[in-house]
Number of protein chains: 2
Amino acid sequence: MTNYLDTFFTALGDPTRRAVIERLTQGPATVSELHAPHDMALPTFMKHLARLQDAGLVHSTKQGRTRTVHIETAALAQAEDWLKTQRRVWENRLDRLAELAENSNSH
Amino acid sequence: MTNYLDTFFTALGDPTRRAVIERLTQGPATVSELHAPHDMALPTFMKHLARLQDAGLVHSTKQGRTRTVHIETAALAQAEDWLKTQRRVWENRLDRLAELAENSNSH
DNA sequence: AAAAAACTTAGCCATTTAGGTAACTATATT
DNA sequence: AATATAGTTACCTAAATGGCTAAGTTTTTT
C-alpha cells in the first residue's frame, strides 16, 4: 500500500531537504551550491537530493561536470491538496455539528 | 536543528497514519475502532497513534478502559502554510521571470 | 600533460522505524 | 467472584535512514 504521498511527506520530514526546497524556490542551483551551507559530506548530501528526486520534488540535468537542480512545481501543490481536503472535510463536519447544536437549542 | 515540521511531515509519510487521519476527519473514535481496519498487532498500531500525537495531529482522552482519539484541527493548517509559502515564492519568481521575458521582447 | 573541480560509486556504521509476541493492568460484564 | 474487554508495557528483530570515508570518473583549468 505504498503511495506517492509516502515518499513525498517523508522527503519533507527532514530539515536539510526542506532547506534545499526553500533554496530552490529562489531558482535552480548546482549540487555544489546547494551543498555549501550544509555541514555534511557531499555523498551524504547527494542522498538527500536523491530522496527529493524520488519524491518528484526536484529534477536535475547535467552539463559537463556540473549538475543543476530545479524545483518541480506540481509536486508541492499535490500534497497541499491532500492537506486541504482533510482540513475541508474536518471543517465541514464541524459546521454540521454547529448546525445541529443550533437546531437543538431552538427546541 | 529539529523542527515541528520534522515530526509532522514524517508522521504523514506513512499510509497507516494517513488513513487514521482521514478516518478521524469523520469524527473521534476509540483506539479499537481505529485499529480494526488495519491488519497489524495492536501494540504496533498504538505506536502509530503515538507518532500522530507527537506530531500534534491528534489528542486523546481516556474514560474507563477506553481511549478516544480526536483530530487536532490546527496542525494540518500549519503544514499547509509551509507548502503554500514555498509554492507562492516559487510562483512569484516565475511571474517575475515572465515579466523580464516580456520586457526584453519589447526591445 | 598535470592538476583541480564536480560529482559518483561503494561500502561501513549507529540509530530509528515498523513490525512482532508475551505478559500485565484496569475496568466492565456476567 | 470470574471472565472478558481495552489498553499498556516490555522486549525482540529486520530493514531503512542518515551519517561517514575512500576511491573512482569525467570534465575543466593551468
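Order of the sequence lines sets the chain letters (A, B, ...), proteins ahead of strands, with each chain counted from 1.
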ask   = So does Asp6(A) pair up with Arg18(B), basic N to acidic O under 4.0 Å?
value = yes
request  = For Met40(A) and dT21(D), give me the distance from atom CE to atom C1', rounded to whole Å.
outcome  = 15 Å
message = Can you measure Lys47(A) atom NZ to dA16(D) atom P for me and round it to whole angstrom units?
response = 13 Å
query = Which nucleotide in the set dG7(D), dC7(C), dG19(D) lies at the smallest distance from any side-chain heavy atom of Leu42(B)?
reply = dG7(D)
ask   = What nucleic acid atoms does Lys62(B) come within less than 4.0 Å of, heavy atoms only: base, sugar-phosphate, or nothing?
value = sugar-phosphate
task = Return no unless some side-chain N or O of His35(A) is found under 4.0 Å from OP1 or OP2 of dC7(C).
result = no
request  = Grab the CD-P distance between Gln63(B) and dA26(C) for me, whole Å please.
outcome  = 18 Å
ask   = Are a donor atom and an acceptor atom from the side chains of Glu22(A) and Trp82(B) found within less than 3.5 Å of each other?
value = yes
request  = Return the value, rounded to whole Å, for the distance between atom CZ of Arg67(B) and atom C1' of dT25(C).
outcome  = 14 Å
remark   = From CZ of Arg17(A) across to P of dA16(D) the rounded distance in Å is 15 Å
query = So does Glu80(A) pair up with Arg87(B), basic N to acidic O under 4.0 Å?
reply = yes
request  = Round to the nearest Å and state the distance from Glu33(A) atom CD to dA6(C) atom C1'.
outcome  = 12 Å
request  = Using atom CZ of Phe45(B) as one end and atom P of dG20(C) as the other, report the distance to the nearest whole Å.
outcome  = 12 Å
message = Let me spell it out: for each of Met46(A) and Thr66(B), pick the nucleotide of DNA chain C with the closest heavy atom. Which residue's pick is nearer the 5' end?
response = Met46(A)
query = Does Thr44(B) place a side-chain N or O at less than 4.0 Å from the phosphate oxygens OP1/OP2 of dG20(C)?
reply = yes
inquiry  = side chain to side chain contact (heavy atoms under 4.5 Å, CB included) for Leu24(B) and Val58(B)? Distances and angles first, verdict last.
reply    = CA-CA 9 Å; Leu24(B) 287 178; Val58(B) 306; 3.6 Å; yes
request  = Side chain of Ser32(A) only, please: which of dG19(C), dA6(C), dG18(D) is the nearest?
outcome  = dA6(C)
message = Once you measure the plane-to-plane angle for Phe9(B) and Phe9(A), does it fall in the parallel (<30°), tilted (30-60°) or perpendicular (>60°) bin?
response = parallel
task = Among dG18(D), dA22(D), dG19(C), find the nucleotide with the atom closest to the side chain of Asp14(A).
result = dG18(D)
inquiry  = Rounding to an integer number of Å, can you tell me how far Leu49(B) CG sits from dG19(C) P?
reply    = 12 Å
message = Starting the side chain at C-beta, find the nucleotide from dT8(D), dA6(D), dA22(D) nearest to Pro43(A).
response = dA22(D)
query = Can a donor-acceptor pair under 3.5 Å be found between the side-chain atoms of Arg65(B) and the base atoms of dT5(D)?
reply = yes
Nearest-nucleotide comparison on DNA chain D, the residue closer to the 5′ end among Thr68(B) and Ala41(A) = Thr68(B)
